[in-house]
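Residue numbers start at 1 and run along the sequence shown.
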Amino acid sequence: MERTVNSMKPSLIVYTIVCVFGISCGQLLFKKAASTTNTFFSWHALASNLWLWFAFTLYGLMTLLWVWILKQAPLHLAYPFMGLAFLLVPVFARIFLNEPLSLQTIGGGILIMLGIALASAGAHH
């Protein structure tokens with residue numbers, strides 16, 4: 001399948017979704033890093049926080065993947081996928097960090113997804 005300005009190859013869509021999942025997991029790692037230290041602003045606390053290092057590493061790898069994705073696809077097609085993080089992060093936070101998940105958050109995430117679908121549909125015409 002040949003890539004055009006109005007579509008993305010299926011494999012590129014998979015890489016983009018992997019990137020969004022990685023960024024979402026990175027947010028959870030940053031939260032875990034923040035919750036494991038009492039003195040966040042000391043150099044020793046930052047340097048010795050393994051959760052923070054995991055978060056930096058994952059974010060760094062996902063940033064490199066994102067740059068590669070943007071080389072392959074127009075930003076107006078790739079970027080709407082990042083909106084998935086607005087739904088994934090709160091759901092993951094509920095599952096893995098036992099944080100509350102309200103109906104307002106779910107409703108807001110659904111509205112964001114609808115907006116992304118609307119914006120993406122407009123990009124194809």
Side-chain angles (χ1 to χ4, degrees):
M1 179 164 99
E2 186 175 306
R3 183 183 53 158
T4 66
V5 96
N6 289 328
S7 67
M8 289 172 59
K9 291 181 182 179
S11 60
L12 189 57
I13 291 171
V14 170
Y15 289 131
T16 304
I17 291 171
V18 166
C19 189
V20 172
F21 270 83
I23 292 292
S24 298
C25 291
Q27 288 296 320
L28 270 62
L29 290 171
F30 280 125
K31 173 67 177 185
K32 188 71 174 169
S35 67
T36 60
T37 183
N38 292 332
T39 57
F40 184 76
F41 291 107
S42 83
W43 285 109
H44 180 265
L46 291 173
S48 63
N49 189 326
L50 288 180
W51 293 109
L52 187 61
W53 285 105
F54 291 145
F56 283 153
T57 301
L58 183 58
Y59 249 66
L61 291 172
M62 291 304 105
T63 298
L64 293 173
L65 178 59
W66 182 244
V67 170
W68 180 83
I69 290 166
L70 292 179
K71 184 169 178 57
Q72 310 301 314
L75 186 59
H76 76 277
L77 294 178
Y79 190 70
F81 283 92
M82 283 297 169
L84 290 170
F86 287 103
L87 203 53
L88 292 175
V89 171
V91 169
F92 287 174
R94 173 69 184 138
I95 293 168
F96 298 110
L97 301 176
N98 203 30
E99 290 195 357
L101 182 62
S102 70
L103 286 176
Q104 291 87 351
T105 300
I106 294 169
I110 290 169
L111 288 173
I112 289 169
M113 294 297 101
L114 290 172
I116 290 167
L118 179 64
S120 295
H124 297 290
H125 298 290

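The shortest distance between side-chain heavy atoms of Met82 and Cys19 falls below 4.5 Å. Asn49 is listed as a side-chain neighbour of Thr36, based on a closest heavy-atom distance under 4.5 Å. Two residues are said to be in side-chain contact when any heavy atoms from C-beta on lie closer than 4.5 Å; Ile69 and Tyr79 fail this criterion.
In this structure, CD1 on Ile17 lies 11.5 Å from OG on Ser24, to the nearest 0.5 angstrom. Between atom CZ of residue Phe54 and atom CG of residue Leu29 there is a gap of 8.0 Å, rounded to the nearest 0.5 Å. With rounding to the nearest 0.5 angstrom, the CZ atom of Phe81 is 5.0 Å from the CD1 atom of Ile13. For the atom pair CG (Leu88) and CD1 (Ile95), the distance works out to 9.5 Å, reported to the nearest 0.5 Å. Here the CG atom belonging to Leu97 is positioned 7.5 Å from the NZ atom belonging to Lys31, to the nearest 0.5 angstrom. Once rounded to the nearest 0.5 Å, the distance linking CG of Leu84 with CE of Met113 reads 4.5 Å.
Remark: Trp53 CH2 is loosely packed, at most 12 non-hydrogen atoms of other residues, nucleotides or ligands lying under 6.0 Å away. Counting non-hydrogen atoms of other residues, nucleotides and ligands closer than 6.0 Å to OH of Tyr15 gives a total of 12 or fewer.
A single hydrophobic cluster is not seen to contain both Val14 and Leu64; linkage of ILVMFWY side chains at heavy-atom distances under 4.5 Å, directly or through other members, places them apart. Linking Ile, Leu, Val, Met, Phe, Trp and Tyr whenever their side-chain heavy atoms come within less than 4.5 Å leaves Val67 and Leu77 in two separate clusters. Linking Ile, Leu, Val, Met, Phe, Trp and Tyr residues whenever their side-chain heavy atoms come within less than 4.5 Å places Leu75 and Ile23 in a single cluster. Cluster annotation: Val91 is connected to Leu114 through the hydrophobic network of ILVMFWY side chains, with a link wherever side-chain heavy atoms come within less than 4.5 Å.
Taking both residues in full, the closest heavy atoms of Ala78 and Thr16 are given as O-CG2, 4.1 Å, listed atom of the first, atom of the second, then distance. Heavy-atom minimum distance, Leu65 versus Val18: CD2-CG1, 4.3 Å. Nearest heavy atoms, Gly83 versus Ile112: O-CG2, 4.1 Å. Closest of all the heavy-atom pairs between Met8 and Ala73 is CG-CB, 4.0 Å.
Between Phe30 and Tyr59, the ring planes are perpendicular. Angles over 60° get that label, and only those under 30° would be called parallel.
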